[in-house]
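Just so we're clear, the structure is a prediction, and the values are computed from it rather than from any experiment.
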Amino acid sequence: MLNQTKKAPTLEEFKVILKKNGLKATPQRLAVHEAMLSLGHASVDMVTESISANTTKTITVASAYNILSQLADLGIYSRRTSSNCKMYFDVNSGKHIHLYDSEGNEYKDIIDDELIAMVEAKLGRRRFKGYKVDSIDIQIICHPSKKKLV
């Protein structure tokens with residue numbers, strides 16, 4: 001089995017990545033990354049709430065969004081758009097499958113390198129007239145099979 005899985009960078013690895021990209025490890029960037037490490041997939045609102053609840057640091061929604069976008073542009077995070085039209089960021093930028101709960105607007109990672117390799121092999125041979133495939137992104141849209149008890 002291939003191992004294409006890429007873990008999220010630790011805080012120390014994150015500092016090195018920032019430096020390589022000419023960015024400073026500011027308290028705000030570090031706080032955003034720590035929040036993302038604990039959340040995995042998160043909207044900017046979730047990140048700012050996590051920072052407020054778990055640290056003494058404060059960050060505006062605009063600053064958090066700018067940091068998340070910058071990190072996604074660098075390939076450190078990836079972006080996902082949910083059915084509620086919110087932008088979510090994913091701390092795992094490696095190849096994986098997403099299970100998207102359309103009711104709760106939550107993402108879960110499915111790590112299946114073998115399945116990803118099969119899909120890429122099949123689609124890699126396929127031609128789409130007028131298009132060139134840049135990447136393959138697998139998302140399974142679902143909803144909870146059981147109602148949550150209140």
Side-chain angles (χ1 to χ4, degrees), residues 1-21 23 25 28-54 59 61 63-150:
M1 180 187 294
L2 301 172
N3 187 2
Q4 302 176 40
T5 306
K6 184 170 132 185
K7 290 185 178 184
T10 64
L11 204 53
E12 290 307 311
E13 293 167 337
F14 181 67
K15 290 176 185 178
V16 171
I17 292 168
L18 289 175
K19 189 173 184 175
K20 283 182 183 176
N21 285 284
L23 298 172
Q28 294 84 0
R29 284 189 183 112
L30 297 176
V32 165
H33 189 63
E34 285 179 306
M36 286 299 296
L37 287 174
S38 68
L39 297 168
H41 301 86
S43 67
V44 67
D45 295 327
M46 293 166 69
V47 170
T48 55
E49 287 170 15
S50 176
I51 292 169
S52 295
N54 298 314
I59 188 168
V61 172
S63 291
Y65 181 79
N66 289 338
I67 291 168
L68 289 164
S69 293
Q70 183 179 50
L71 297 174
D73 289 345
L74 292 172
I76 298 168
Y77 300 158
S78 61
R79 291 179 177 90
R80 307 220 54 86
T81 304
S82 67
S83 61
N84 66 351
C85 299
K86 260 192 171 178
M87 179 68 65
Y88 284 77
F89 295 87
D90 184 357
V91 74
N92 181 354
S93 62
K95 291 183 180 183
H96 60 283
I97 299 166
H98 283 103
L99 190 64
Y100 174 64
D101 173 356
S102 60
E103 289 180 7
N105 294 304
E106 295 176 344
Y107 291 93
K108 294 192 186 315
D109 288 344
I110 306 292
I111 307 299
D112 190 331
D113 293 333
E114 187 176 353
L115 178 59
I116 291 169
M118 288 173 26
V119 170
E120 287 178 339
K122 175 75 174 173
L123 292 177
R125 292 191 304 264
R126 181 130 185 242
R127 300 291 172 239
F128 301 94
K129 189 175 181 178
Y131 292 93
K132 183 176 190 292
V133 175
D134 294 324
S135 66
I136 297 171
D137 183 8
I138 303 169
Q139 177 168 290
I140 302 167
I141 302 169
C142 59
H143 65 276
S145 56
K146 296 181 180 180
K147 294 288 181 191
K148 293 181 181 177
L149 300 175
V150 181

Test salt bridge (Lys or Arg N to Asp or Glu O under 4.0 Å) applied to [X] - qualifying residues, sequence neighbours left out:
{"X": "Glu12", "result": "Lys15"}
{"X": "Arg80", "result": "Asp137"}
{"X": "Lys86", "result": "Asp45"}
{"X": "Asp73", "result": "Arg79"}

Please collect all ring-ring contact (aromatic ring centres under 6.0 Å, His included) contacts where either partner lies in residues 113-137, sequence neighbours excluded, each pair once.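 Output for this query is empty, none listed.
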
Rounded distance [0.5 Å steps], [atom1] in [X] versus [atom2] in [Y]:
{"X": "Asp113", "Y": "Met118", "atom1": "CG", "atom2": "CE", "value": "12.5 Å"}
{"X": "Tyr88", "Y": "Leu39", "atom1": "OH", "atom2": "CG", "value": "11.0 Å"}
{"X": "Leu115", "Y": "Ile138", "atom1": "CG", "atom2": "CD1", "value": "5.5 Å"}

Contacts of [X] that satisfy side chain to side chain donor-acceptor pair (under 3.5 Å) - sequence neighbours left out:
{"X": "Tyr100", "value": "Ser83, Asn105"}
{"X": "Ser50", "value": "Asn54"}
{"X": "Tyr77", "value": "His33"}
{"X": "Ser82", "value": "Asn84"}

Between [X] and [Y], is any pair of side-chain heavy atoms under 4.5 Å apart?
{"X": "Leu18", "Y": "Leu71", "answer": "yes"}
{"X": "Asp90", "Y": "Asp109", "answer": "yes"}
{"X": "Glu13", "Y": "Thr10", "answer": "yes"}
{"X": "Asn92", "Y": "Ile111", "answer": "yes"}
{"X": "Pro144", "Y": "Glu103", "answer": "yes"}
{"X": "Glu106", "Y": "Leu99", "answer": "no"}
{"X": "Lys95", "Y": "Glu120", "answer": "yes"}
{"X": "Ile97", "Y": "Ile116", "answer": "yes"}

Verdict with supporting geometry, Leu30 and Leu11, side-chain contact (heavy atoms from CB on, under 4.5 Å): CA-CA 7 Å; Leu30 297 176; Leu11 204 53; 4.0 Å; yes

With sequence neighbours excluded, what pairs up with Ile59 under the side-chain contact (heavy atoms from CB on, under 4.5 Å) test?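 For Ile59 the side-chain contact (heavy atoms from CB on, under 4.5 Å) partners, ignoring immediate neighbours, are Gln28, Val32, Thr48, Ile51, Ser63, Ala64, Ile67.
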
Sequence neighbours excluded, which residues qualify as ring pair (Phe, Tyr, Trp, His ring centres under 6.0 Å) partners of His96?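 Once residues adjacent in sequence are excluded, the partners of His96 under the ring pair (Phe, Tyr, Trp, His ring centres under 6.0 Å) criterion are His98.
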
Could I get the full list of ring pair (Phe, Tyr, Trp, His ring centres under 6.0 Å) partners for Phe89, not counting sequence neighbours?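 So Phe89 forms no ring pair (Phe, Tyr, Trp, His ring centres under 6.0 Å) with any residue.
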
Verdict with supporting geometry, Arg29 and Gln70, side-chain contact (heavy atoms from CB on, under 4.5 Å): CA-CA 10 Å; Arg29 284 189 183 112; Gln70 183 179 50; 3.2 Å; yes

Of all the heavy-atom pairs spanning Pro9 and Leu37, show the shortest one and how long it is.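 Nearest heavy atoms, Pro9 then Leu37: O-CD2, 3.5 Å.
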
Main chain of Cys142, side chain of Ser102: is a donor-acceptor contact present, judged purely on distance under 3.5 Å?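 At least one qualifying donor-acceptor pair exists.
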
Side-chain (Ser69) to main-chain (Asn66) donor-acceptor, under 3.5 angstrom: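 Not confirmed, Ser69 side chain does not pair with Asn66 backbone.
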
Applying side-chain contact (heavy atoms from CB on, under 4.5 Å) to Val61 and Val47, what does each step give before you reach the verdict? CA-CA 9 Å; Val61 172; Val47 170; over 6 Å; no

Within 6.0 Å of CZ in Phe14, more than 12 heavy atoms from elsewhere: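 Buried by this count: over 12 neighbours within 6.0 Å.
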
